[in-house]
Amino acid sequence: MAYQGSMKVKGSSTAAGGAISASNFGRAHFVRVQAQAAANTITVKNAGGTTLGTLILITAGDSIIIEKDETDTIASSGNAVGSAVSSPR
């Protein structure tokens, strides 16, 4: 499902056509992740590498805004793009 709110973009998007590899997105607090492939597992880890949580974006085009600490990282199991954004309104 496409995101229907407003947000301020605060950084460049990751490259399309590949997985997100353990990025803290410039120490962003909020990151919008959009799947480009089905059944994409998104993993959030703390700075020590401990998994804080996982979720699955079921369909290509599904997106979510994740709130995280500055040093937490986000990774995807398949093709996805991510961007630092402001708090959702």
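Only heavy atoms go into these numbers, but all of them, side chains included; no hydrogens, no water, no symmetry mates.
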- Query: Between the main-chain N or O of K8 and the side-chain N or O of S86, is there a donor-acceptor pair closer than 3.5 Å?
  - Reply: yes
- Message: Can a donor-acceptor pair be found, under 3.5 Å and without considering hydrogens, that links the side chain of N40 to the backbone of G78?
- Response: yes
- Item | Candidate pair R27 and T71, rule side chain to side chain contact (heavy atoms under 4.5 Å, CB included), full reasoning | CA-CA 6 Å; R27 302 176 62 87; T71 57; 3.5 Å; yes
[X] with [Y], same ILVMFWY side-chain cluster at under 4.5 Å:
| X | Y | answer |
| --- | --- | --- |
| F25 | V85 | no |
| V33 | L55 | yes |
| I58 | I64 | no |

- Closest heavy-atom pair, A84 versus A28, reported as atoms and distance to 0.1 Å, is CB-CB, 3.5 Å
- Message: Quick check: closest heavy atoms across V81 and T14, and the distance to 0.1 Å?
- Response: CA-OG1, 3.3 Å
Quick one, [X] and [Y] - any side-chain contact, counting heavy atoms below 4.5 Å?
| X | Y | value |
| --- | --- | --- |
| N46 | D69 | no |
| Q34 | D62 | no |
| S76 | I42 | yes |

Inter-residue atom distance [X].[atom1] - [Y].[atom2], 0.5 Å rounding:
| X | Y | atom1 | atom2 | answer |
| --- | --- | --- | --- | --- |
| L57 | Q36 | CG | CD | 11.5 Å |
| F30 | K10 | CZ | NZ | 9.0 Å |
| K45 | L52 | NZ | CG | 10.0 Å |
| D72 | T43 | CG | OG1 | 12.5 Å |

- In this structure, which one of I20, T54, T41, I56 forms a side chain to side chain contact (heavy atoms under 4.5 Å, CB included) with S77? T41
- Query: Are more than 12 heavy atoms from other residues, nucleotides or ligands located less than 6.0 Å from atom NZ of K68?
  - Reply: yes
